[in-house]
Amino acid sequence: MSINATLIGQMITFALLVWFTMKYIWPPLFDSLEERKKKIADGLAAAERGHEEIILAEKKAKSVLKEAKSQSAEIVTLAQKRANEIVEESKENAKKEGERLILAAKAQIEQERQQAKEGLRKEVASLALRAAEQILGAEIDQGKHQDIISKVSNQLG
Amino acid sequence: MASESHASEGATGYIIHHLTPLSAGEGFWTLHLDTLFFSAVLGGLFVWFFKNAAEKATSGVPGLVQNFAEMLIEFVDTQVKDSFHGHSKLIAPLALTIFCWVFLWNFMDMFPVDLLPSIGSLMGIEYLRSVPSTDLNATFAMSISVFFLIIFYSIKIKGPIGFAKELMFQPFGPWLLPFNLLLKLVEEIAKPISLALRLFGNLYAGELIFILIALLPWYIQPVLSFPWAIFHILIITLQAFIFMVLTVVYLSMAHEDH
């Protein structure tokens with residue numbers, strides 16, 4: 001139970017163990033611990049950031065959706081307005097076209113009537129002339145009696 | 001088993017046989033071969049295990065070995081950070097070494113008292129004391145090393161003059177110089193002595209109780225040795241922890257400049 005040289009041997013062993021631990025054991029293990037701590041902290045921060053970004057993106061998406069909805073509503077009203085306008089316009093056009101057609105038809109009718117009148121007048125004149133020829137028994141010189149014929153035909157018109 | 005072979009020497013002979021170290025040499029130059037052997041083997045075990053973990057250390061998902069090593073590192077680091085506020089590359093590894101080595105020494109106490117000596121006697125070794133912490137040389141070797149470190153750091157941090165001033169002028173001022181010096185010297189010297197004797201006393205007593213239990217009839221032994229072994233698990237861990245924490249505290253006191 002006495003203190004002896006074992007003490008020195010034990011001290012040497014102790015010093016060697018401490019030196020070895022200090023040099024080869026503590027630094028790598030401790031560094032890996034610190035590194036993992038940092039990694040975890042970074043990961044947590046990234047997750048937090050991601051969460052915030054999701055919230056932000058959701059907000060953004062909502063606002064974009066809202067805008068799109070209002071825009072589409074606007075477009076629909078515009079389109080309706082435009083459609084109404086087109087309908088009105090085409091109605092107007094059709095009316096105008098109809099009137100134009102009516103006018104044209106009227107004009108043509110008038111023209112045909114005039115032509116028919118003219119034709120009839122001429123017919124009547126020639127009939128009158130022939131009748132007068134028959135009556136007079138002589139031929140009427142067209143050149144000589146031009147003024148009489150035209151007088152008659154004017155009376156007919 | 002062994003109690004029968006020593007029956008002729010009686011109970012006292014059995015106890016003395018168990019507490020006698022395997023020694024070589026004469027006088028001061030006696031070497032306790034069993035203490036040297038077991039502490040070296042246990043130190044090797046400690047270094048091997050941690051070296052293994054350190055080589056595979058990764059900041060990714062740790063394996064089983066690394067996990068355990070990191071648990072211990074974290075535990076020691078917390079203890080060191082709690083009481084030591086300076087920067088030192090030595091103190092944390094020192095604390096880890098002390099905790100693990102002392103724990104392994106003490107753990108030898110958990111083996112049945114007759115197991116290793118019986119194996120030794122089969123191999124022709126007459127005496128074998130397997131628990132290094134029941135050898136004063138082992139505990140004092142560690143505490144004196146710590147004491148040297150305390151002196152070294154005191155002088156390094158405070159300077160030789162600062163340290164001398166602290167020894168002479170505190171705590172009662174320059175007028176009570178001799179008294180101060182005496183008080184401080186006792187305080188400093190008490191540190192290694194209390195460290196070594198506390199560990200030695202606890203483990204020596206624990207071992208002695210195991211030996212006494214082993215002397216009882218076999219049908220009583222389990223009733224006593226089972227609770228004592230469980231209680232001893234607490235003691236061996238606690239003693240390793242106390243040695244470590246006190247070392248850290250003493251060294252942090254050496255770092256503090258008054």
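Please read all numbers here as calculations on a predicted model, not as lab measurements.
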message: For the CE atom of B:Met71 and the CG atom of A:Leu33, what is their distance to the nearest 0.5 Å?
response: 12.0 Å
field: Nearest-0.5 Å distance, CG of residue A:Leu29 to CG of residue B:Asp77
entry: 11.5 Å
field: Atom pair CZ (A:Phe14) and CD1 (B:Ile144), whose distance is rounded to the nearest 0.5 Å
entry: 12.0 Å
message: With chain A as the partner, which of B:Ala138, B:Cys100, B:Ala54, B:Pro132 has the greatest number of non-hydrogen pairs under 4.5 Å?
response: B:Ala54
- request: Heavy-atom distances under 4.5 Å only: say whether B:Trp101 touches chain A with side chain, backbone, both or neither.
  value: side chain
- prompt: If you look at every heavy atom in B:Glu74 and A:Lys37, which pair is closest and at what distance?
  reply: OE2-NZ, 3.8 Å
task: Report yes if the side chains of B:Lys89 and A:Trp26 come closer than 4.5 Å at any heavy-atom pair, otherwise no.
output: no
task: Under 4.5 Å, counting heavy-atom pairs only, tell me which of B:Leu31, B:Ile73, B:Leu33 racks up the most with chain A.
output: B:Ile73
message: My understanding is that only one of A:Leu17, A:Leu16, A:Ile25 makes a side chain to side chain contact (heavy atoms under 4.5 Å, CB included) with B:Thr97; could you say which?
response: A:Leu17
- prompt: Distance-only, no hydrogens or angles: does the A:Ser32 side chain make a donor-acceptor pair with backbone N or O of B:Ala57 under 3.5 Å?
  reply: no
query: Do other residues, nucleotides or ligands put more than 12 heavy atoms under 6.0 Å from the CG atom of B:Leu64?
result: no
- line: Scored by heavy-atom pairs under 4.5 Å with chain B, the best of A:Gly9, A:Ala15, A:Pro28, A:Pro27 is A:Pro28
query: At their closest point, which heavy atom of B:Ser59 faces which heavy atom of A:Arg36, and how far apart are they?
result: O-NE, 3.2 Å
- prompt: Considering only heavy atoms, which portion of B:Ser145 lies under 4.5 Å from any heavy atom of chain A: side chain, backbone, both, or neither?
  reply: both
- prompt: Any idea which heavy atoms bring B:Asn137 and A:Leu7 closest together, and the distance?
  reply: O-CD1, 3.4 Å
query: Should we count CZ of B:Phe28 as having more than 12 external heavy atoms under 6.0 Å?
result: yes
task: Measure A:Ile8 against the heavy atoms of chain B and call it side chain, backbone, both or neither at under 4.5 Å.
output: side chain
field: Smallest separation among heavy atoms of B:Leu96 and A:Thr21, with atom names
entry: CD2-CG2, 4.0 Å
- prompt: At a heavy-atom separation under 4.5 Å, does A:Lys23 approach chain B through its side chain, its backbone, both, or neither?
  reply: neither
message: Need one label for A:Tyr24: side chain, backbone, both or neither, based on atoms under 4.5 Å from any heavy atom in chain B.
response: both
task: Assess whether atom CZ of B:Phe107 is packed by more than 12 heavy atoms of other residues, nucleotides or ligands within 6.0 Å.
output: no
query: Can you tell me how far CG of B:Leu90 sits from CE of A:Met22, rounded to the nearest 0.5 angstrom?
result: 5.0 Å
statement: Nearest heavy-atom approach of A:Gln10 to B:Leu36 is OE1-CD2, 3.6 Å
